[in-house]
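The structure displayed is predicted, hence computed values, not measured ones. Here is how names work: the chains are called A, B, and so on, in the same order as the sequence lines, proteins then strands, and each is numbered from 1.
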There are 2 protein chains.
Amino acid sequence: MSENAQATEGAAVAVRMNWGPLSSAVGTNVRLLRNELVTRIVEAYAPFDLRSGALSVMVLIRGNPGCSQSELAREVAMDDSAMVAIIDELEQRGLARRTRSTTDRRRNSLSLTPEGEALMTEMVGCGTAVERPIRDELSAAELETLIALLRRAYGALMAAPRDRA
Amino acid sequence: MSENAQATEGAAVAVRMNWGPLSSAVGTNVRLLRNELVTRIVEAYAPFDLRSGALSVMVLIRGNPGCSQSELAREVAMDDSAMVAIIDELEQRGLARRTRSTTDRRRNSLSLTPEGEALMTEMVGCGTAVERPIRDELSAAELETLIALLRRAYGALMAAPRDRA
DNA sequence: TATTGTTATACTCTATAACTATA
DNA sequence: TATAGTTATAGAGTATAACAATA
């Protein structure tokens, strides 16, 4: 069940280097995992030909009907100006719509088209497939624990003031 | 100890949006936490005026004496060409040295200078301070669990083949 | 006066290709 | 033939500033 499972698939994964004092840092371990995930996610989403944040945005529009571009930008921690390009793309592809809000005419009230909903569902499936090895490795309880701890860590960070000088 | 701690520090953190099917995805939660961590890390490291990967590289050189640039690049998942700029900077700042390997004259055998070791230690301290809110929120056992689960998830991903077509 | 959306711009990161010197 | 290091270059992502419309 163990015996060098890495070597079975082409180039053996090199033995990890020594990360010294960073080996038990949250940031290091989160970053390594995130980097490997995005590499695979980018690969999995390549056929859809959408830029990186597009799926998150579609999911958020779907889950928060009528939300604005600023709200989306805040949630995914990107600039308003960067969000414009993503919404442009989604709109041009017929996946989302901008509707002027009647109560606040500055806002674009965003929604998904049926095509957008369908594509979103398909892409979410691809994303889940990428995480498959993780879900195979961890028990259901462990996976739940991991998610819960990640959320608490994130919450703790967000609740803490950002300056320290 | 609770009672709306967010509101104390300027702009209250908005209520999180609904992430729908992505709310329990590993990738989403890892990404949100990682993004907030890097924002704060970049801020904390700004006074040192080194590019983003420099600390990781210093720590790895320190923990793996005589390692090569390629080995470092593989470990942090960046291109060899990108590593050149980092090592250039560290060398010009007197924080690291390149020494031609005698056994394989293609390799640069890397090492930290005493100045590099000192700066590394100082920066590691700053990085730890950034994670402080997390370590305050989680018990020692929970922190240990989080790190262990992140490592297992990463290991599972690395052991899995990357193509799937 | 502040906020939403927008454009333009610059800057950083990353990715690719080509080259050299070694192996 | 393959690998380590290097350079140059192009692309994507991100950040900043300015602006118009609206609150």
Under the side-chain contact (heavy atoms from CB on, under 4.5 Å) test, which residues partner [X], sequence neighbours left out?
{"X": "B:D80", "value": "B:S70, B:A73"}
{"X": "A:S23", "value": "A:W19, B:R151"}
{"X": "B:D104", "value": "B:S101, B:R106, B:R107"}
{"X": "A:S109", "value": "A:T99"}

Tell me every residue that passes side chain to side chain donor-acceptor pair (under 3.5 Å) with [X], counting only those two or more places apart in sequence or in another chain.
{"X": "B:E137", "answer": "A:R152"}
{"X": "B:E144", "answer": "none"}
{"X": "B:Q69", "answer": "B:R98, B:N108"}
{"X": "B:R105", "answer": "none"}

Interatomic distance, [X] [atom1] vs [N] [atom2] [rounded to whole Å]:
{"X": "B:R51", "N": "D:dT14", "atom1": "CZ", "atom2": "C1'", "result": "17 Å"}
{"X": "A:R34", "N": "D:dG13", "atom1": "CZ", "atom2": "P", "result": "12 Å"}
{"X": "A:L50", "N": "D:dG13", "atom1": "CG", "atom2": "P", "result": "11 Å"}
{"X": "B:R105", "N": "D:dA2", "atom1": "CZ", "atom2": "P", "result": "23 Å"}

Item to complete: Examine D:dA4: is either OP1 or OP2 under 4.0 Å from a nitrogen or oxygen in the side chain of B:R107? Give yes or no.
Response: no

Discussion item. Using a strict heavy-atom distance below 4.0 Å, which residues from residues 78-102 of chain A are in contact with DNA chain D?
Written reply: A:D79, A:S81

Worksheet entry | Sorted by number, the residues of residues 60-71 of chain B with heavy-atom contact under 4.0 Å to DNA chain D | B:S68, B:Q69, B:S70

Worksheet item: Under a 4.0 Å N-O cut-off, is there an ion pair linking B:E91 with B:R97?
Response: no

Got a list of side-chain donor-acceptor pairs under 3.5 Å for residues 115-127 of chain B, not counting sequence neighbours?
from: B:E115; atom 1: OE1; to: B:T113; atom 2: OG1; distance (Å): 3.2
from: B:E117; atom 1: OE1; to: B:R62; atom 2: NH1; distance (Å): 2.5
from: B:T121; atom 1: OG1; to: B:E117; atom 2: O; distance (Å): 2.9

Worksheet item: Going by atom types alone, do B:R135 and B:T128 pair a side-chain donor with an acceptor below 3.5 Å?
Response: no

Worksheet entry | Where chain B begins and ends its contact with DNA chain C, read 5' to 3' at 4.0 Å from heavy atoms | C:dC13 to C:dA23

